[in-house]
Amino acid sequence: MSELTFDRTTDFVIVGAGSAGCVLADRLSADGRNDVLVLEFGGSDRSVFIQMPAALSIPLNSARYDWGLHTRPEPGLGGRSVHQARGKVIGGSSSINGMAYVRGNAGDFDEWAALGAEGWSYADVLPYFRRAEDCFYGADDYRGTGGPLGVGNGNNMANPLYRAFIEAGGQAGYGVTEDYNGYRQEGFGRMDMTVRNGVRCSTANAYLKPALKRANLSLETHALTTRVLMEGKTAIGVEYRQRGRVLRVRARREVLLCASAFNSPKLLMLSGIGPAGHLRDMGVDVVHDLPGVGSNLQDHLEVWIQHACTRKITLNGWLNPLGKLLIGARWLLFRSGLGASNHFESNGYIRSRAGLEYPDLQYHFLAGAIAYDGSSALRGHGYQVHLGANKPRSRGRIQLQSADPECPPDILFNYLDDEADREAFRRGLRLTREILAQPALDAYRGDEVMPGAAVQSDAEIDAWVAAHAETAYHPCGSCRMGTDPLAVVDPECRVYGIGNLRVVDSSVMPTLTNGNINAPTIMIGEKAADQILGRTPLPAARVPVYRAPDWQERQRESEPVAGE
């Protein structure tokens, strides 16, 4: 590889200006000592449809801003191929997502540590969540202020349906939480979103754009990275295509892949790093046999339960040309009103059965009845709750379809392959119906529109879920962090067997967190930045976290009696 010529040299090359890549761009360039280059296949995020929170369905379904990936036909979903939106724009998926800010449960990160991700327990990662955050509600032992990432609640649950949903969760016996990102996740409460002053607070807005004022940070857009360049088993740079030219950049220090749970394993495999047999089948020369690359793929599925609303107070009343015009005009003039929210302003986390340590079901409540892509809008007024089973056992994989870098990866999640995942949705739908039947919603509740009263038995629920479940857009795990033979990166995100190469994005998560994954992906970028720079980790934050009484009682019963 030494005979190659290079078009430029820098200290760090970051592939992907997404949720983690923007964090690294900021943190690695902050002290001015390192030259940093970011390569992004997408372009500008200046569109009003990206910056206005309520317009999220437009960039999410736009070929200009979305990679347009789809899964293979999924057996567990009746052979449906599922659209997998990923951001093709600066900010990556943080520029097209739903802006929900959910860190996950403390138990998620303790699980990571138990699976071999040493140094990634809740106590270890909490300081990095706090460092990233500028929380509208103020700082405490769990929340941070003064960080780049604005976090608030949109319109402060002005629509009474949001508070009614929270009250219904309390009436159903699940409790109310003041801060699901703090001491207690379990229960019902307001939902946080990455919005600041009425504008989407993507990682492009929060981290990348301010950092680009520095002379030692540069960004190349419309740059498709095609492979990592190697000398033996050491990464020395990357090759990319831009406007018809093939360019190469040398990295004096490290190459950092932040290209998503789909494209990071794809790039490793295109570079000869991955399962040797598969690489040979694709005509790729094997540099290093790393069998875990592309395996362990996970995602959250969700369904939504819709009700007609007996009062004309829902978002459906604004789903007409005049209503949309008024929303847009107010937002353009004042950055306020319905345009300044993602409209998921309350949420809940419950356990699908007694004895679980922490919640495995998540709710987003919407004061309207409409799908992410703008379809399935209810005629008349309605509301809906999105139900997600958050700790799936089913696992999928990423493979190459060919050695052509422009060919999309071969994606299969194996959704609902495990019986436990199907059972979680059965329990979840029945529990959701109990919650929505509580007195707090009596003044608003019309008929159940979806799935409808006819769906009752296990078989009927299974069939409905298979036909209607959609991705929650939370792919992860395909370059798993750990210490076992199938791990791809070590606990410092370094690719096993390869020098000067790391993966820093959601693909390194060993398991899915209990909630939306943008917040933990940003945290991964924050923590990895310190690792890359060789800095001492932030001091662990050992704070109390809520555990359900029945779990605590179970733990006490399992403890040995003194003297035994």
Task: Check: G42 main-chain N/O paired with E40 side-chain donor or acceptor under 3.5 Å - done: yes

TODO: Give a yes or no on whether a salt bridge exists between E133 and R130, defined as a side-chain N under 4.0 angstrom from a carboxylate O.
DONE: no

Open item on the list: Minimum heavy-atom separation for V36 and I14, please, with both atom names.
Closed with: CG1-CD1, 3.6 Å

- [ ] Look at the rings of H386 and F344 and say which category their plane angle falls in: under 30° parallel, 30 to 60° tilted, over 60° perpendicular.
- [x] perpendicular

Task: Closest contact, heavy atoms only, P392 versus R395 - done: O-NH1, 2.9 Å

Open item on the list: Give me the atom names and distance for the closest heavy-atom approach of L512 to N390.
Closed with: CB-O, 4.2 Å

TODO: Compare every heavy atom of T471 with every heavy atom of D299, then report the nearest pair and how far apart it is.
DONE: OD2-OG1, 2.5 Å

Open item on the list: Atom CG of residue position D285 - does it have more than 12 heavy atoms of other residues, nucleotides or ligands inside 6.0 Å?
Closed with: no

Task: Geometric cation-pi criterion, R190 with Y137: 6.0 Å, 45° - done: yes

Open item on the list: Looking at E118, I want to see if its CD is surrounded by more than 12 non-hydrogen atoms of other residues, nucleotides or ligands under 6.0 Å.
Closed with: no

Open item on the list: To the closest 0.5 Å, what do you measure between CZ (R427) and OG (S352)?
Closed with: 6.0 Å

Task: Over all atoms of both residues, closest heavy-atom pair of M193 and E345 - done: CE-CG, 4.0 Å

Open item on the list: Between the side chains of R200 and D45, is the shortest nitrogen-to-carboxylate-oxygen separation below 4.0 Å, so that they form an ion pair?
Closed with: no

TODO: Using the salt bridge (Lys or Arg N to Asp or Glu O under 4.0 Å) rule, take R184 and E178 through it: C-alpha gap first, then chi angles, then the decisive distance, then the call.
DONE: CA-CA 8 Å; R184 173 174 173 164; E178 291 298 315; over 6 Å; no

TODO: Return the orientation label for the F109 and F129 ring planes: parallel under 30°, perpendicular over 60°, tilted otherwise.
DONE: perpendicular

Open item on the list: If you compare all heavy atoms of R27 against all heavy atoms of L533, which two are closest, and at what distance to 0.1 Å?
Closed with: O-CD1, 3.9 Å

TODO: Any chance you could measure I411, atom CD1, to L297, atom CG, to the nearest 0.5 Å?
DONE: 7.5 Å

Open item on the list: For R72, is the CZ atom crowded, meaning more than 12 foreign heavy atoms sit under 6.0 Å from it?
Closed with: no

Open item on the list: Using modelled atom types and a 3.5 Å cut-off, is there a donor and acceptor pairing between side-chain atoms of N518 and backbone atoms of S19?
Closed with: no

Task: Exceeds 12 heavy-atom contacts within 6.0 angstrom, atom CZ of F136 - done: no

- [ ] Would you confirm whether S95, through its side chain, and I90, through its main-chain N or O, come within 3.5 Å as a donor-acceptor pair?
- [x] yes

Task: Heavy atoms of other groups near N197 CG, more than 12 under 6.0 Å - done: no

Task: Any donor-acceptor pair under 3.5 Å from S202 side chain to S94 backbone - done: no

Task: Name of the residue among N105, D108, D360 meeting side-chain hydrogen bond (donor to acceptor under 3.5 Å, both in side chains) with K391 - done: D108

Task: Salt bridge present between R214 and D26 (N-O < 4.0 angstrom) - done: yes

Task: Side-chain donor-acceptor pair present, D124, S121, cut-off under 3.5 Å - done: yes

- [ ] Could you check Y546, Y174, Y180 and say which one makes a ring-ring contact (aromatic ring centres under 6.0 Å, His included) with Y349?
- [x] Y180

Task: Neighbour count above 12 (heavy atom, 6.0 Å) for Q401 CD - done: yes

Open item on the list: Counting C-beta onward and ignoring hydrogens, is there a side-chain heavy-atom pair between F413 and L301 closer than 4.5 Å?
Closed with: no

- [ ] Please determine which of R253, R8, R252 meets the salt bridge (Lys or Arg N to Asp or Glu O under 4.0 Å) test together with D35.
- [x] R252

Open item on the list: Nearest 0.5 Å, please: how far is CD1 in I517 from SG in C476?
Closed with: 5.5 Å

